[in-house]
There are 2 protein chains.
Amino acid sequence: MEDDQLDLVFGALADRTRRAILAGLARADANVADLTAMFTMSQPAISKHLKVLEAAGLVSRTRQGTMRLSHLEAEPLRDATGWLADYRTYWTESYERLDELLDSLDSLD
Amino acid sequence: MEDDQLDLVFGALADRTRRAILAGLARADANVADLTAMFTMSQPAISKHLKVLEAAGLVSRTRQGTMRLSHLEAEPLRDATGWLADYRTYWTESYERLDELLDSLDSLD
DNA sequence: CTTGTCTATAACCAGAAGGTTATGGAGAGT
DNA sequence: ACTCTCCATAACCTTCTGGTTATAGACAAG
């Protein structure tokens with residue numbers, strides 16, 4: 001993965017509002033009004049966050065009548081995970097939580 | 001993991017210089033002068049980056065005579081990976097690279 | 001104790017980030 | 001055509017960020 005792309009992805013994830021937006025979109029696609037209702041924040045602020053997420057490739061959007069539906073695109077999250085995985089050999093703590101993570105990853109198939 | 005902590009970790013990873021510093025520290029501990037030599041950047045700039053990494057818990061530092069050795073603390077990277085793992089079910093692309101990642105994670109024990 | 005090396009800190013700067021309010025444009029319905 | 005809703009954009013403000021240079025502090029060695 002390109003450094004530029006990682007900048008955008010990690011940068012997008014560095015804001016808790018954007019992480020919360022992703023969490024919301026994980027449950028269901030949503031329009032801007034829906035997302036604005038989820039936060040104590042103005043609608044333009046949400047639109048800006050969506051633009052950041054879109055630039056990072058984490059969200060795609062389609063017109064649906066007068067609305068614009070935001071959809072989670074989780075692919076870059078895998079790429080980011082791939083980058084992080086390079087450091088797994090340096091995870092030095094007890095393996096409890098690591099096992100947990102591995103279990104959850106294994107449960108994929 | 002706390003939201004505050006994730007802010008710091010993802011924020012720290014959002015800069016390519018800091019990611020490169022982590023990559024360097026993965027190979028060996030290093031002092032500020034060493035790291036400064038690795039980049040076309042002033043020493044204070046590197047010190048600032050180290051401060052950010054330290055705040056995120058990704059680097060610890062010990063005095064070694066007149067030097068200060070920086071040491072990689074990868075634990076927060078695992079926490080970040082854990083957060084990202086919640087989205088694994090939304091990785092929609094072909095499973096080739098995912099399998100690769102799972103293999104590498106499995107090879108841990 | 002003076003000198004030299006390594007690092008931190010201060011002061012500064014330009015630009016990016018994250019928020020606001022105000023406004024304008026696009027579609028659907030009447 | 002009007003209107004209402006949904007959303008984007010512009011303009012603005014404040015704070016944070018990432019860099020700089022200049023300087024001061026800590027430690028080792030003469």
Side-chain angles (χ1 to χ4, degrees), chain A residues 3-25 28-73 76, chain B residues 3-25 28-73 76:
Chain A
D3 250 15
D4 298 330
Q5 184 67 8
L6 280 179
D7 284 350
L8 293 176
V9 174
F10 283 131
L13 296 181
D15 183 283
R16 72 190 62 191
T17 300
R18 287 193 290 265
R19 290 196 304 275
I21 289 176
L22 292 180
L25 294 180
D29 291 358
N31 62 28
V32 177
D34 293 337
L35 293 170
T36 300
M38 293 176 55
F39 303 92
T40 57
M41 203 175 293
S42 67
Q43 170 262 311
I46 299 297
S47 286
K48 276 196 188 181
H49 282 305
L50 286 173
K51 192 141 82 173
V52 173
L53 290 167
E54 202 173 12
L58 288 164
V59 157
S60 64
R61 315 175 72 183
T62 57
R63 292 215 71 98
Q64 199 81 359
T66 177
M67 301 186 292
R68 298 194 63 188
L69 268 196
S70 291
H71 175 76
L72 175 66
E73 299 287 347
Chain B
D3 250 14
D4 298 330
Q5 183 67 9
L6 279 179
D7 285 350
L8 293 176
V9 173
F10 283 129
L13 297 180
D15 184 282
R16 73 189 62 193
T17 300
R18 286 193 290 265
R19 289 197 304 275
I21 289 176
L22 292 180
L25 294 180
D29 291 359
N31 63 28
V32 176
D34 294 337
L35 293 169
T36 300
M38 295 176 54
F39 303 93
T40 57
M41 203 174 294
S42 67
Q43 169 263 311
I46 300 296
S47 287
K48 276 196 188 182
H49 282 306
L50 286 174
K51 193 141 81 171
V52 173
L53 290 167
E54 202 173 13
L58 288 164
V59 158
S60 64
R61 316 176 72 184
T62 57
R63 291 215 72 97
Q64 200 83 359
T66 178
M67 301 186 290
R68 297 194 63 188
L69 268 196
S70 292
H71 175 76
L72 175 66
E73 299 287 347

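Naming convention: chains lettered A, B, ... in sequence-line order (proteins, then strands); numbering from 1 in each chain.
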Practice item. Specify the separation, in whole Å, of atom CG of A:Leu8 and atom P of C:dA16. Key: 13 Å
Revision key, fill the gap. Taken to the nearest whole Å, CG/B:Leu69 to P/C:dA8 is 11 Å
Check your understanding: CG of A:Leu13 to CG of A:Leu58: how many Å apart, nearest 0.5 Å?
Key -> 6.0 Å
Practice item. Mind checking salt bridge (charged side-chain N to carboxylate O under 4.0 Å, His left out) for B:Asp7 and listing every partner two or more places apart, or none if nothing turns up? Key: A:Arg16, A:Arg19
Check your understanding: How is A:Arg61 classified with respect to the nucleic acid when contacts are heavy atoms under 4.0 Å: base, sugar-phosphate, or nothing?
Key -> sugar-phosphate
Compile the donor-acceptor pairs under 3.5 Å between side chains in residues 64-71 of chain A and protein atoms, sequence neighbours left out, one pair per line.
residue, atom, partner, partner atom, Å
A:His71, ND1, A:Asp29, OD1, 2.8
A:His71, ND1, A:Asp29, OD2, 3.2

Exercise for review: Please list, chain by chain and in numerical order, all residues satisfying side-chain hydrogen bond (donor to acceptor under 3.5 Å, both in side chains) with B:Ser60, sequence neighbours excluded.
Suggested key: B:Glu73
Check your understanding: Rounded to whole angstrom units, what separation is found between the CZ atom of B:Arg19 and the P atom of D:dG18?
Key -> 12 Å
Practice item. Taking salt bridge (charged side-chain N to carboxylate O under 4.0 Å, His left out) as the test, write out the residues that go with A:Arg61, two or more places apart. Key: A:Glu54
Practice item. Specify the separation, in whole Å, of atom CG of A:Asn31 and atom P of D:dC4. Key: 20 Å
Review point. Can you name the residues that form a side-chain hydrogen bond (donor to acceptor under 3.5 Å, both in side chains) with A:Ser42, not counting sequence neighbours?
Key: none
Exercise for review: Report yes if a side-chain nitrogen or oxygen of B:Arg68 is closer than 4.0 Å to either non-bridging phosphate oxygen (OP1 or OP2) of C:dA8; otherwise report no.
Suggested key: yes
Study note, to complete from the structure: Nucleotide by nucleotide, nucleotides 17-30 of chain C touches protein heavy atoms under 4.0 Å in the pattern (B base, S sugar-phosphate only, - none) -BBBBB----SS--
Practice item. Please state how far atom CG in A:Leu50 lies from atom C1' in D:dT9, giving the value in whole angstrom units. Key: 15 Å
Practice item. Please report, rounded to the nearest Å, how far the C1' atom of C:dC6 is from the CG atom of B:Leu35. Key: 13 Å
**Study point:** Integer-rounded Å distance: D:dC4 C1' and A:Met67 CE
**Key:** 15 Å
Practice item. In whole angstrom, give the distance that lies between atom CD of A:Glu54 and atom C1' of D:dC7. Key: 13 Å
